Amino acid sequence: MEKGVPRVGVVVFLLNGKAVLLGRRRSSISDSTFALPGGHLEFGESFEECAARELKEETGLDIDKVEYLTVTNTLFLEEPKPSHYVTIFMRAFLADPNQAPQNLEPQKCDGWDWYDWDNLPKPLFRPLEKMVQEGYNPFPIG
Ligand SMILES: CC(C)CCOP(=O)(O)OP(=O)(O)O
Ligand SMILES: [Mg+2]
Ligand SMILES: [Mg+2]
Ligand SMILES: [Mg+2]
């Protein structure tokens, strides 16, 4: 296997009541799985800056109260191009609760929708699937 370089992704649990924003990916990585919005960490960015930039680029949404939640280390070996991602999971809320997501990158995503945490679509982005199976809860306690 041609050895690539591990890359860093930043994805966001954008929470709205008991719902989270997910979109079905159209991508060489995890194609057609339901994934959180987000993307590659760019040079010099903080995790929070990357989260806000990717959310704006992909959905047009402004986010608030962005905070670090957890991290995963995932090998995507079965993909057309084997890759290795360290994925930073952030949590955030809508800056304007009335703002609706737009699908600004239809070539990369089928569209963004709110899904109840207790009724998530399938298949999920593999690192997210593992977290859900292990009972991970991204919602604030209390
Ligand atoms: C696979 C994921 C953890 C990191 C890459 O995300 P992405 O393909 O959405 O990247 P971009 O949004 O930056 O295009
Ligand atoms: Mg992106
Ligand atoms: Mg990007
Ligand atoms: Mg992306």
Side-chain angles (χ1 to χ4, degrees), residues 3-142:
K3 263 165 67 64
V5 175
R7 297 188 71 185
V8 180
V10 176
V11 295
V12 181
F13 285 103
L14 184 60
L15 304 180
N16 189 355
K18 277 297 285 170
V20 64
L21 193 69
L22 292 168
R24 193 195 283 268
R25 288 175 64 84
R26 289 191 180 161
S27 156
S28 60
I29 311 155
S30 247
D31 184 44
S32 94
T33 64
F34 286 90
L36 300 169
H40 293 95
L41 184 68
E42 293 178 1
F43 187 85
E45 282 186 317
S46 70
F47 296 154
E48 292 77 5
E49 285 162 345
C50 179
R53 176 183 53 75
E54 284 288 343
L55 266 278
K56 193 71 180 166
E57 280 176 7
E58 298 185 346
T59 71
L61 293 172
D62 298 305
I63 60 176
D64 222 0
K65 302 202 280 289
V66 191
E67 56 183 302
Y68 169 82
L69 286 186
T70 190
V71 60
T72 58
N73 184 25
T74 312
L75 277 176
F76 294 96
L77 298 181
E78 70 289 345
E79 311 273 340
K81 204 166 31 75
S83 61
H84 177 176
Y85 275 91
V86 171
T87 306
I88 309 285
F89 286 78
M90 307 293 282
R91 170 169 67 205
F93 298 88
L94 287 167
D96 169 2
N98 303 313
Q99 210 184 359
Q102 303 160 266
N103 187 15
L104 299 181
E105 297 178 336
Q107 76 286 9
K108 286 185 176 178
C109 174
D110 277 350
W112 299 106
D113 290 296
W114 297 104
Y115 291 90
D116 192 293
W117 185 254
D118 301 327
N119 186 18
L120 294 174
K122 292 205 174 305
L124 288 177
F125 175 61
R126 187 149 49 83
L128 180 58
E129 175 64 40
K130 191 164 172 291
M131 289 161 77
V132 169
Q133 279 172 3
E134 289 165 358
Y136 188 79
N137 179 348
F139 292 86
I141 298 155

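For the numbers below, each heavy atom of this structure counts, side chains included, while hydrogens, waters and symmetry mates do not. Because the structure is predicted, anything quoted here is derived from the model rather than measured.
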What I'd like to find out is whether the side chain of [X] reaches to under 4.5 Å of the side chain of [Y], using heavy atoms alone.
X: Lys56; Y: Ile63; result: no
X: Val12; Y: Val66; result: no
X: Thr72; Y: Met131; result: yes
X: Leu94; Y: Leu61; result: yes

Mind checking salt bridge (Lys or Arg N to Asp or Glu O under 4.0 Å) for [X] and listing every partner two or more places apart, or none if nothing turns up?
X: Arg26; answer: Asp110
X: Lys65; answer: none
X: Asp113; answer: none
X: Arg25; answer: none

(message) Going by the rule side-chain hydrogen bond (donor to acceptor under 3.5 Å, both in side chains), which residues pair with Ser46 if we only count those two or more places apart in sequence or in a different chain?
(response) Glu49
Drop me the distance from [X]'s [atom1] to [Y]'s [atom2], to the nearest 0.5 angstrom.
X: Phe89; Y: Leu128; atom1: CZ; atom2: CG; answer: 6.0 Å
X: His84; Y: Asn73; atom1: NE2; atom2: CG; answer: 3.5 Å
X: Trp117; Y: Tyr136; atom1: CH2; atom2: OH; answer: 8.5 Å
X: Arg91; Y: Leu36; atom1: CZ; atom2: CG; answer: 13.0 Å
X: Trp114; Y: Asp116; atom1: CH2; atom2: CG; answer: 12.5 Å
X: Lys108; Y: Ser28; atom1: NZ; atom2: OG; answer: 9.5 Å

(message) Tell me which one of Glu58, Glu48, Glu45 satisfies salt bridge (Lys or Arg N to Asp or Glu O under 4.0 Å) with Arg53.
(response) Glu45
Would you name the heavy atoms of [X] and [Y] that are closest together and state the gap between them?
X: Pro101; Y: Leu21; answer: CG-CD1, 3.8 Å
X: Leu22; Y: Pro121; answer: CD1-CD, 3.6 Å
X: Gly38; Y: Leu55; answer: N-CD2, 4.4 Å
X: Met90; Y: Val10; answer: CG-CG1, 3.7 Å
X: Gly23; Y: Cys109; answer: CA-SG, 3.9 Å
X: Pro138; Y: Leu15; answer: O-CD1, 3.6 Å

(message) Test your reading of the model: is there a side-chain donor-acceptor pair from Glu54 to the backbone of Gly9, 3.5 Å cut-off?
(response) no
(message) Please check: side-chain N/O of Glu129 versus main-chain N/O of Pro123, any donor-acceptor pairing under 3.5 Å?
(response) no
(request) Provide the full list of ring pair (Phe, Tyr, Trp, His ring centres under 6.0 Å) pairs with a residue in residues 39-59, sequence neighbours left out, each pair given once. (result) His40-Tyr85
(message) Any carboxylate oxygen within less than 4.0 angstrom of a Lys/Arg side-chain nitrogen, looking at Glu79 and Arg126?
(response) no
(request) Please lay out, stage by stage, how Val132 and Leu124 fare under the test side-chain contact (heavy atoms from CB on, under 4.5 Å). (result) CA-CA 9 Å; Val132 169; Leu124 288 177; 4.0 Å; yes
